[in-house]
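Below: one structure, written as structure tokens.
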Amino acid sequence: MASITIRNLDDYVKTRLRIRAASHGRSMEEEARLILREAVEREAGPTDLAAAISERFAHLGGVELELPLREAMPEPPRFE
């Protein structure tokens with residue numbers, strides 16, 4: 001696994017990270033890893049359009065549609 005060092009981090013950001021990590025019961029390092037992982041995954045975007053649409057609207061619930069019965073196709077006209 002790789003390691004990085006973040007220099008010149010604002011005190012405010014460090015404090016907020018510490019508070020956020022504590023509220024989730026994690027270390028600051030684990031919280032930072034999680035934030036970076038989520039940011040990279042979100043940026044990459046979904047590769048499956050149908051899954052992305054389904055995920056986007058899943059909180060709205062589903063819809064049951066009544067499908068009409070299929071009928072035989074009519075005979076095409078004959079031009080004889």
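What you see below is based on every heavy atom in this structure, not just the backbone, and it leaves out hydrogens, waters and symmetry mates.
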Open item on the list: Quick check against the 3.5 Å criterion: does T15 have a side-chain atom that pairs as donor or acceptor with the backbone of D11?
Closed with: yes
The salt bridge (Lys or Arg N to Asp or Glu O under 4.0 Å) partners of R33 (sequence neighbours excluded) come to E29, E30
Apart from I35 itself, members of its ILVMFWY cluster (side-chain separation under 4.5 Å) are L17, M28
| request: Determine, using the 4.5 Å side-chain heavy-atom cutoff (strictly less than), whether I4 and L9 are members of one ILVMFWY cluster. | output: yes
Would you check, one step at a time, whether the test side chain to side chain contact (heavy atoms under 4.5 Å, CB included) holds for R18 with K14?
CA-CA 6 Å; R18 183 177 50 79; K14 182 180 176 187; 5.6 Å; no
Query raised in the report: What about V13 and L36, same hydrophobic cluster or not, with Ile/Leu/Val/Met/Phe/Trp/Tyr joined at side-chain heavy-atom distances under 4.5 Å?
Result: yes
Sidechain-backbone polar pair: D10 side chain, Y12 backbone, donor-acceptor under 3.5 Å:
no
Residues A21 and S27: closest non-hydrogen pair is CB-O, 3.5 Å
Those residues at least two apart in sequence (or on a different chain) that pass salt bridge (Lys or Arg N to Asp or Glu O under 4.0 Å) with R26 are E31
